[in-house]
Amino acid sequence: RHNTLGTIAVFRNIAPLFTLAIERVFRVPIEVDGPTIASLLTIVLGVGIYHAASIQFSRVGLTAIGVNIVFAVLERILQRYLLAQEPVDLSKP
């Protein structure tokens with residue numbers, strides 16, 4: 001009603017770029033090189049071209065997408081932090 005599925009797909013594919021930026025700000029040790037950034041931008045460009053005709057949103061819809069992306073990015077960062085701090089051992093004793 002407030003967003004099209006194409007709009008949600010485009011914005012969700014932008015989320016990894018936000019995650020990389022936040023991890024850089026907090027100095028999380030992560031190796032990011034040019035090809036990684038280029039591949040993420042290629043994904044965003046491809047999804048944007050694919051859904052270019054169907055991208056429509058309202059203020060309420062854009063707010064909902066923004067909140068959704070914030071929570072998704074924070075969840076991924078928390079998962080990455082917990083796995084780095086407390087490695088999971090799945091082997092049997």
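Computation of the quantities below employed the complete heavy-atom set of this structure, encompassing side-chain atoms and omitting hydrogens, waters and symmetry-equivalent molecules.
- Leu41 and Leu20 fall within a single hydrophobic cluster, where Ile, Leu, Val, Met, Phe, Trp and Tyr are joined by side-chain heavy atoms under 4.5 Å apart, directly or via other members.
- Between Pro16 and the options Thr36, Ile43, Leu40, Val73, a side chain to side chain contact (heavy atoms under 4.5 Å, CB included) holds for only Leu40.
- Taking CD of Glu75 as the start and OG1 of Thr19 as the end, the distance is 10.5 Å to the nearest 0.5 Å.
- Hydrophobic clustering (side-chain heavy atoms under 4.5 Å, transitive across Ile, Leu, Val, Met, Phe, Trp, Tyr) groups Ile37 together with Ile22.
- Using a 4.5 Å cut-off on side-chain heavy atoms (C-beta onward), Arg12 and Asn68 make contact.
- Both Leu62 and Phe18 belong to a common hydrophobic cluster when Ile, Leu, Val, Met, Phe, Trp and Tyr are linked at side-chain heavy-atom distances under 4.5 angstrom.
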